[in-house]
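Let me begin by presenting the structure, written as structure tokens, before commenting on it.
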Amino acid sequence: MKVAIVHYWLVGMRGGEKVLEALCELYPEADVFTHVYRPERISPVIRRHRVTTTFIDRLPMAHRMYQKYLPLMPLALEQLDLSAYDLVISSESGPAKGVLTRPDALHVCYCHTPMRYVWSGYHDYLSSAGPLVRPLMPYAIHRLRQWDLATAARVDRFIANSATVAQRIWRVYRRDATVIHPPVETLRFAAAEPPPTADGDGHYLFVSQLVAYKRADVAIEAFNRMGRRLVVVGEGEEYRRLKQMAGPTVELLGHCSADELDRQYAACRALVFTANEDFGIVPVEAMAAGRPVLALNRGGATETVKDGLSGLFFDQQTPEALIGAVERFEAQEHRFDPAAIQAHAARFDRTVFKTRLRETIDSWMHGEEPSLAPARATVTDARGRELAPA
């Protein structure tokens, strides 16, 4: 069986690329297709595969300004010849699912979210566009929206990375989707140090790309008011503005290596998560380190954080609501058990994702309807002890 994997662009290793990496492990002989490829920023697992790019990769400054070529990506996808492949898996967040496949091939789309700049985030992107681009965007995005709707019919089966995204897929495409949560390397945190004592001196942690919709400003304003310590890890277009608004108890570290991030997870009292995310890998990583999460009660976090066991929710995306959550957490901090939190996080481990995805796609290849119940996969810690999903 010949397998092709189509990913929107390969310019770094974020959540979508972690899914692609797991797909490459499941299908070691698969060929990878993408619009733009920067191999120096991509993991060895993906680089071992043959990677073919569309003509977007050869356009001026495409490696840095690839999103400017968004209107050309539908045409570029349709130039890819996938007629030799029996199974095509598209990884969709930017344009990927619009490829043309053989009539008897199976096309499975793993959807991180319907394109945010075309649908749910359109007005945010429009308002932030420059004066030269803004007048052209309504027409270009209108045409892209039409193409995106039409190409949903080219997909045989949709997989959503969360129930939140499955609802979006239904709202936009009127298609059902099987939910398989993305892979998280939970065992990476098995050796995390014990949590700090709740003496009021420990710090809270915020980890995110610093873009507007992540609402890091809510966290910074809340901790400015409380005078509590907050460490912010991440970089992005909002970094300078956030740095200016940060008070003496808020520290912005910028980019951190994976090892440093692991140490930050291990050392914090709790993770603060203010975004309305499609899924949200960061809260799962924090929980895998045994740390509770204070999360906005919307989006993917509602599927990963268990209120009272692995964290607490707050209902509004405001500093006042977050301050209330911090106060509630500190009143009961001693009740959060790191071992129980880690066991809860194990249900999202990479092995669970790979088992469920393989079983689901195999059943579709054989014309069967898969069970929607999560697959049973054994996950063990560094000492070989089984961590049963909660």
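- Relative ring orientation between Phe336 and Phe329 is described as tilted, the plane-to-plane angle lying within the 30° to 60° band.
- By the neighbour-count criterion of 12 heavy atoms within 6.0 Å, atom CD of Gln79 is densely surrounded, having more than that number from other residues, nucleotides or ligands.
- In this structure the side chain of Val19 never reaches within 4.5 angstrom of the side chain of His7, judged on heavy atoms.
- Checked by atom type and distance alone, the side chain of Arg175 pairs as donor or acceptor with a backbone atom of Val155 at under 3.5 Å.
- For Thr151 (side chain) and Arg154 (main-chain N/O), no donor-acceptor pair under 3.5 Å exists by modelled atom type.
- Across Tyr8 and Ser91, no two heavy atoms sit closer than the pair CD2-O, 3.0 Å.
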- Do Asp349 and Arg347 pass the salt bridge (Lys or Arg N to Asp or Glu O under 4.0 Å) test, and can you show the C-alpha distance, the side-chain angles, and the key distance before you say yes or no? CA-CA 6 Å; Asp349 187 73; Arg347 66 190 299 181; over 6 Å; no
- Does the pair Thr360 and Arg157 meet the rule for a side-chain contact (heavy atoms from CB on, under 4.5 Å), with working shown? CA-CA 10 Å; Thr360 300; Arg157 300 281 187 171; over 6 Å; no
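- Across Ala295 and Ala301, no two heavy atoms sit closer than the pair CB-CB, 4.0 Å.
- Among pairs with a residue in residues 79-103, those fulfilling ring pair (Phe, Tyr, Trp, His ring centres under 6.0 Å) read Phe33-Tyr85, at least two apart in sequence or across chains.
- The side-chain heavy atoms of Arg241 and Asp217, taken from C-beta on, include a pair separated by under 4.5 Å.
- The closest donor-acceptor contact from the side chain of Thr249 to the backbone of Arg228 lies under 3.5 Å.
- For the atom pair CG (Asp81) and OG1 (Thr101), the distance works out to 11.5 Å, reported to the nearest 0.5 Å.
- At a threshold of 4.5 Å between non-hydrogen side-chain atoms, the residues Leu82 and Val6 count as touching.
- Shown here are the side chain to side chain contact (heavy atoms under 4.5 Å, CB included) partners of Asp86, two or more places apart in sequence or in another chain: Met1, Lys2, Arg102.
- For Thr54, the side chain to side chain donor-acceptor pair (under 3.5 Å) partners are His35, not counting sequence neighbours.
- With contacts defined as side-chain heavy-atom distances shorter than 4.5 Å, the pair Arg215/Phe273 does not qualify.
- Remark: Leu205 CG to Leu230 CG distance equals 7.5 Å, nearest 0.5 Å.
- Taking the side chain to side chain contact (heavy atoms under 4.5 Å, CB included) definition, one finds that Ser43 meets it with Met13, Glu21, Val45, Ile46, sequence neighbours left out.
- Listed by first and then second residue, the side chain to side chain donor-acceptor pair (under 3.5 Å) pairs that reach into residues 250-259 come to none, sequence neighbours excluded.
- Checking side-chain atoms of Thr355 against main-chain N and O of Val352 turns up no donor-acceptor pair under 3.5 Å.
- Panel note: side chain Asn297, backbone Phe313; no donor-acceptor pair is recorded below 3.5 Å.
- Judged purely by atom type and a 3.5 angstrom limit, Glu303 uses its side chain to pair as donor or acceptor with the backbone of Thr164.
- Annotation: salt bridge (charged side-chain N to carboxylate O under 4.0 Å, His left out) contacts of Glu320 (sequence neighbours excluded): Arg225.
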- Message: Between Ile361 and Leu26, is the side-chain contact (heavy atoms from CB on, under 4.5 Å) condition met? List the steps.
- Response: CA-CA 11 Å; Ile361 292 180; Leu26 277 174; over 6 Å; no
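- The side chain to side chain donor-acceptor pair (under 3.5 Å) check on His49 picks up nothing, with sequence neighbours excluded.
- Leu75 has its side chain within reach of Phe55: a pair of non-hydrogen atoms, C-beta onward, lies under 4.5 Å apart.
- Two residues are said to be in side-chain contact when any heavy atoms from C-beta on lie closer than 4.5 Å; Asp156 and Trp364 fail this criterion.
- By the 4.5 Å heavy-atom criterion applied to side chains, Arg291 and Ile341 are not counted as neighbours.
- The pair Glu260-Arg263 counts as a salt bridge, with a side-chain nitrogen and a carboxylate oxygen less than 4.0 angstrom apart.
- The minimum heavy-atom distance between Phe206 and Ala219, with the atom names listed, is CD1-CB, 3.8 Å.
- A 4.5 Å side-chain heavy-atom check between His181 and Val179 finds at least one atom pair inside the cut-off.
- A continuous path of Ile, Leu, Val, Met, Phe, Trp and Tyr side chains, each step under 4.5 Å between heavy atoms, connects Met245 with Leu322, placing both in one hydrophobic cluster.
- Formation of a donor-acceptor pair under 3.5 Å by the Thr274 side chain with backbone atoms of Lys214 is found in this model.
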Which pairs of donor and acceptor atoms, one on a side chain in residues 280-288, lie under 3.5 Å apart (sequence neighbours left out)?
residue, atom, partner, partner atom, Å
Glu285, OE1, Tyr265, OH, 2.8

Throw together a table of side-chain donor-acceptor distances under 3.5 angstrom for residues 59-69, partners on residues two or more places apart or in other chains.
residue, atom, partner, partner atom, Å
His63, NE2, Tyr37, O, 3.4
His63, NE2, Asp57, OD1, 2.9
Tyr69, OH, Pro60, O, 2.7

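- Between Gly290 and Gln342, the shortest heavy-atom contact is N-CG, 3.6 Å.
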- Message: Between Leu23 and Leu357, does the side-chain contact (heavy atoms from CB on, under 4.5 Å) criterion hold? Intermediate values first, please.
- Response: CA-CA 9 Å; Leu23 289 172; Leu357 193 77; 3.1 Å; yes
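- Interatomic distance, Ile141 CD1 to Trp119 CH2, rounded to the nearest 0.5 Å: 10.5 Å.
- Two different hydrophobic clusters hold Val232 and Tyr213 under the rule that ILVMFWY side chains link at heavy-atom gaps under 4.5 Å.
- Residues Ala22 and Lys354 share a closest heavy-atom pair of CB-CG, 4.3 Å.
- The salt bridge (charged side-chain N to carboxylate O under 4.0 Å, His left out) contacts involving residues 135-150 comprise Lys97-Asp148, where partners must be two or more places apart or lie in separate chains.
- A distance-only check finds no donor-acceptor pair linking the side chain of Asn161 to the backbone of Pro182 [under 3.5 Å].
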- Query: Stepwise, does the side-chain contact (heavy atoms from CB on, under 4.5 Å) test hold for Cys24 with Val32?
  - Reply: CA-CA 9 Å; Cys24 287; Val32 176; 4.0 Å; yes
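- Across all non-hydrogen atoms, the minimal contact from Ile220 to Ala246 is CG2-CA, 3.8 Å.
- Rounding to the nearest 0.5 Å gives a distance of 10.0 Å between CZ of Arg269 and CG of Leu294.
- Residue pairs meeting the salt bridge (charged side-chain N to carboxylate O under 4.0 Å, His left out) criterion with at least one partner in residues 163-174, sequence neighbours excluded, are Arg168-Asp278.
- For residues 37-51, the salt bridge (charged side-chain N to carboxylate O under 4.0 Å, His left out) pairs, not counting sequence neighbours, are Asp31-Arg50, Arg38-Glu40.
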- Task: Apply ring-ring contact (aromatic ring centres under 6.0 Å, His included) to Phe158 and Tyr173, showing your working.
- Result: CA-CA 10 Å; Phe158 276 97; Tyr173 304 135; 5.6 Å; yes
- Task: Check step by step if salt bridge (Lys or Arg N to Asp or Glu O under 4.0 Å) holds for Glu25 and Arg350.
- Result: CA-CA 11 Å; Glu25 291 174 349; Arg350 192 181 186 91; 3.2 Å; yes
